[in-house]
Amino acid sequence: MAPQPDLPIVLYHYDASPYAKRVVWYLHLRKIPYSQCIQPRILPRPDVALLGVSYRRIPLLSIGRDVYLDTRLIIQKLEALYPPSAAHPGISSAHTTGLAEHTALEQLISTRVIEGDLFKQGVACFPAGIFNDPAFLRDRAALNGIDVDKPGAVAPLAEEASE
């Protein structure tokens with residue numbers, strides 16, 4: 001059964017997640033009511049485990065009993081449940097919505113932001129201090145299939161990056 005717009009929406013995320021920010025901004029721009037369940041940056045995430053989900057990435061969005069895992073899928077589902085209206089204004093202007101050029105541009109931006117190198121370049125701008133937490137580094141290395149115990153697997157930060 002497809003979720004209904006009156007079911008509770010809960011966003012599971014942590015504050016520093018750029019992917020979660022995208023969903024939070026979308027929810028605010030569209031004036032879609034939701035609750036938050038703030039999660040730790042690293043595993044374990046007991047609240048997510050209670051959903052019966054072993055997916056480790058953030059954000060997750062639950063609508064009633066349905067859980068959505070991918071940022072783009074989350075936004076697509078919200079678009080379907082909350083078409084532009086007075087209560088939930090659309091992000092695009094009325095005269096561009098549905099135009100082939102506009103749709104193509106939206107898809108290009110979405111692809112470049114999520115799948116392109118823009119995210120990696122953005123992470124490179126984070127202050128080096130954020131990477132000083134050994135548990136965080138171990139968690140992200142495991143996520144990316146890197147054995148941190150293998151000599152030379154992880155390069156140390158350059159001196160200028162750690163200042």
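None of the values given here were measured: they were computed from a predicted structure. What's counted below: heavy atoms across the whole structure, side chains too, no hydrogens, waters or symmetry copies.
- Judged purely by atom type and a 3.5 angstrom limit, Q39 uses its side chain to pair as donor or acceptor with the backbone of C37.
- Considering only residues two or more places apart in sequence or on other chains, Q76 meets the side chain to side chain donor-acceptor pair (under 3.5 Å) condition with none of them.
- When side chains are defined from C-beta on, H88 does not count as touching P83, because their heavy atoms never get closer than 4.5 Å.
- Checked by atom type and distance alone, the side chain of R45 pairs as donor or acceptor with a backbone atom of R56 at under 3.5 Å.
- Both Y34 and Y82 are members of a single hydrophobic cluster when ILVMFWY side chains are connected at heavy-atom separations under 4.5 Å.
- Residues V10 and Y14 are members of one and the same hydrophobic cluster, defined by side-chain heavy-atom contacts under 4.5 angstrom among Ile, Leu, Val, Met, Phe, Trp and Tyr.
- Interatomic distance, CG of D133 versus CD1 of I42, reported as 6.0 Å (0.5 Å rounding).
- A cation-pi arrangement is present between R41 and F136 under the rule of less than 6.0 angstrom and at most 45 degrees off the ring axis.
- Once rounded to the nearest 0.5 Å, the distance linking CG of L11 with OG of S17 reads 9.0 Å.
- The shortest non-hydrogen separation linking K31 to A87 is CB-O, 3.7 Å.
- L61 and V67 end up in different hydrophobic clusters when Ile, Leu, Val, Met, Phe, Trp and Tyr side chains are linked at under 4.5 Å.
- To the nearest 0.5 angstrom, R138 atom CZ is 13.5 Å from L43 atom CG.
- One distance of note links OH of Y19 with CD1 of I74; it measures 12.5 Å at 0.5 Å rounding.
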Derivation of the side chain to side chain contact (heavy atoms under 4.5 Å, CB included) call for V53 and L69: CA-CA 10 Å; V53 175; L69 307 174; 4.1 Å; yes
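- For H13 (side chain) and I58 (main-chain N/O), no donor-acceptor pair under 3.5 Å exists by modelled atom type.
- Not one N or O on the side chain of K77 forms a donor-acceptor pair closer than 3.5 Å with the backbone of R72.
- Distance OH/Y26 to OG1/T71: 13.0 Å, rounded to 0.5 Å.
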May I have the step-by-step check of side chain to side chain contact (heavy atoms under 4.5 Å, CB included) for R22 and I75, ending in yes or no? CA-CA 9 Å; R22 183 178 186 210; I75 291 175; 4.0 Å; yes
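- Side-chain contact between I9 and L78: present, with at least one pair of heavy atoms (C-beta onward) separated by less than 4.5 Å.
- There is a path of hydrophobic side-chain contacts, each under 4.5 Å, that joins L27 to L29.
- Cluster membership check: L73 shares its hydrophobic cluster with I63, using side-chain heavy-atom separations under 4.5 Å among Ile, Leu, Val, Met, Phe, Trp and Tyr.
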